[in-house]
Amino acid sequence: MSPRALLSRFRSNFQLKLFGAFTLLTALISIIFCTLYITTEIREKREHATIQIRLLTQYLADSVRLPLYAENTEVLKQLAEEAAHRTEIRRVVITTNDGRVVTDIQNPSTDTATTILNESAEVRSIPFGNSPSDMISSEKHNIPGSLIGTVRIERGTGDLTRMIRTLVAVSSGIAIAFWLSVSLLSYMVLRQVTRSFNVLVHGIDIMQDGDFSSRISIESDDEAGQAARAVNNLARTLQQRGEENSRLQEERLNLERQILQTQKLESLGVMAGGIAHDFNNLLQSMCGNMELASLKLDTASAAQKYITNAMTSAKHAALLTNLMLTYIGKGVITKKEINLNGLIRENVEIVNSATSRAVSFELGLSPELPFILADEAHIQQIVMNLITNAVESIQEQPGSIIITTGTQNCNHACLATSLLNDNPEPGRYAFLEISDNGCGMSEETLKRLFDPFFTTKFTGRGLGMSAVNGIMRTHRGALFVESKPGTGTTFRVLFPIPESAPPAAIQAPATSPAKTEVSRQHELSGMALVVDDEKPVLKVCTTMVKHCGYTVITASDGVDAVAKFREHADEIVVVLLDLIMPNMDGIAAMKEIYRIRPDIKVIISSGFNEEELSDRITSHAPSGFIRKPYSLNVLETELRRVMQAD
């Protein structure tokens, strides 16, 4: 651990700070006491050595008084050698009163770094009086005798140095041992005292990092324990609040994703609707002119074949625009009762005969499945798209596709997980589930599942699942997907079941509603008002209406149409009105025309479906509806139906 980390830990740990302060205090006290003890011992040892050499010097001075007075060098030398044999005595010098050295004994020493203690003593004679009483009186009055000589002794301090070193080492060791013992004891005491506090601090640090799920262990009921209990309660509250915030955040993100997806789909829908509207107008002009040109030619004409081919291609283009409208939920639909099980069997037979892959189909179709009310072509497209996608996901390895049907009751919670933006109402639904063991889809692919023109196939156009999305929204259904890479995919689509619908197995085959017979015995005549903002469309529609037998006046928008109708209200028998126009659209113009003359026949012309029109009309409905691009025969049939109606 780096010094900076250690310092940071020391600053943040109360126990370490308290232990450090106590350790420094005990170390300082140990050093002070050790220093005082060593200093006192050194001073006492030096004083003791000084007293010893002083006593030795005085003893030698008393001993050599007579030999020095007699100048007996042999005795003096013997006494000096005896004194020199003592510890650390370096030199003994005896001199006379006139300064002559009588004896000089030296002991060689290798320790030259030590200091020398010198001590000198005078050798004096004992004073004698005429009587003993004089002698006593002279001693009483400290009368010194005559100076005979001096004695000087030099002593080394090597033994004192060694003794002091030993003293310092022993004293320091004892002091260190005492410091370590006291520090260890204080650490154990502090650890026990601050244990609850440390547990509390550690728990707070964990919670500070955002982990509110951990709890502080309560080891006592003291102040630290009470604080730990309060912190645990706070952590529990914060954990609950965090979980609630996480749930709200997840819901907010899901809502934002749904809003973003909705906005994206709406933008793409507006774009697709605009393209389909303009393209349908172009197709109306193209198909109408080609059909009119075909009427001018003989059936055996060589150009007739080319016109027929061009009209066929134009019809295919119209199907493509209808597919784009289906994506935005505005395609042409004709709802009727459909046997979903029968439709599935037909599609499985088609795919099974067309594919060369080793794919096996397992059907689990419920015999109690009721009829559903839907557009057969659209449901056919859903079934074919889902089965085809399942077959292509299996790729080269042998695989199986399981197709099941049945009924289920769905509540709001169940329908809320649908991938469609518009969740249908709770109720009873018929489900179609298609499961495969193919390659599966990643999360990124699932996010873009319904994006138009997005495909993972080399030859795909990317409109299949977009059309499925639009069809399911049009039929107020629901769609669920479960998929993971390498584990396969399961699609589950729900269709609402009409109330009191009997099972398809015992229900009579559905028949198309009887169409109103249109008589062609009566000629069409009168004045017709044709309204369209596109000049090529207006021109060809005018020609087609004239071909049906009407005289025609035209208008280029809703405002112009209302003005022309007000001017010729008594003459006009039918109005062919475009839906989308600038200034005033077809619905607003129709309302104004009905205000002028409520019994007038109005036919709305649009590239969108009739249900879209009915959703926007809240009052007087039009007499008829015709979808662009339409043929001359379709136009004439609708005109006759409207004019013959009551």
Side-chain angles (χ1 to χ4, degrees), residues 272 274-326 331-332 334 350 354 377 380-381 384 459-461 463 467 515 517-554 556 574 576-579 603-609 624-643:
I275 293 175
H277 173 265
D278 294 340
F279 201 55
N280 277 331
N281 283 333
L282 293 175
L283 289 174
Q284 178 63 47
S285 178
M286 293 166 56
C287 293
N289 282 302
M290 286 187 293
E291 188 173 8
L292 293 173
S294 176
L295 294 175
K296 299 293 183 181
L297 298 174
D298 295 334
T299 56
S301 173
Q304 191 71 253
K305 180 180 66 174
Y306 298 110
I307 292 177
T308 302
N309 292 338
M311 292 181 66
T312 302
S313 297
K315 290 179 181 178
H316 290 165
L319 292 176
L320 181 60
T321 59
N322 187 52
L323 183 63
M324 296 177 65
L325 291 173
T326 300
V332 178
T334 303
I350 294 173
Q380 170 91 10
Q381 187 175 0
M384 181 60 73
T459 58
R461 292 180 301 177
L463 292 176
K515 295 184 178 179
E517 292 293 333
V518 179
S519 174
R520 295 183 179 270
Q521 296 177 358
H522 303 285
E523 294 293 333
L524 297 174
S525 62
M527 181 179 290
L529 174 60
V530 179
V531 187
D532 202 296
D533 62 312
E534 296 287 342
K535 289 183 179 181
V537 178
L538 180 62
K539 187 175 181 180
V540 72
C541 289
T542 300
T543 305
M544 295 172 73
V545 173
K546 286 180 179 180
H547 191 276
C548 292
Y550 291 97
T551 59
V552 179
I553 60 175
T554 61
S556 59
V574 65
L576 182 60
L577 190 61
D578 187 24
L579 179 62
I603 299 175
I604 294 293
S605 173
S606 174
F608 297 123
N609 60 59
F625 176 82
I626 187 169
R627 185 176 181 277
K628 295 179 181 179
Y630 50 83
S631 63
L632 180 60
N633 184 49
V634 172
L635 174 61
E636 184 179 356
T637 301
E638 185 66 13
L639 285 171
R640 288 185 181 278
R641 187 192 66 80
V642 170
M643 297 307 297

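Worth knowing before you read on, the calculation uses all heavy atoms, side chains too, and leaves out hydrogens, waters and symmetry mates. These numbers were taken from a predicted model, which means no experiment stands behind them.
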Ignoring hydrogens, what is the shortest heavy-atom contact between [X] and [Y]? Give both atom names and the distance.
X    : Y    : answer
P629 : Q284 : CA-OE1, 3.1 Å
E636 : C548 : CB-SG, 3.8 Å
A314 : L283 : O-CD2, 3.9 Å
L576 : Y630 : CD2-OH, 3.6 Å
G288 : V540 : C-CG2, 3.4 Å

Whether [X] side chain and [Y] backbone form a donor-acceptor pair below 3.5 Å:
X    : Y    : value
T542 : L538 : yes
S605 : L577 : no
E638 : G624 : no

Does any non-hydrogen side-chain atom of [Y] lie less than 4.5 Å from one of [X]?
X    : Y    : value
R627 : V634 : no
E291 : L635 : no
Y550 : V530 : no
L524 : R640 : yes
V531 : D578 : no
S301 : Y306 : no
N281 : P536 : no
H547 : L295 : yes

Spacing of [X] atom [atom1] and [Y] atom [atom2] [to the nearest 0.5 Å]:
X    : Y    : atom1 : atom2 : result
E534 : L282 : CD    : CG    : 7.5 Å
T312 : I307 : OG1   : CD1   : 12.0 Å
C287 : L292 : SG    : CG    : 11.0 Å
M643 : S525 : CE    : OG    : 8.0 Å
M544 : N289 : CE    : CG    : 9.5 Å

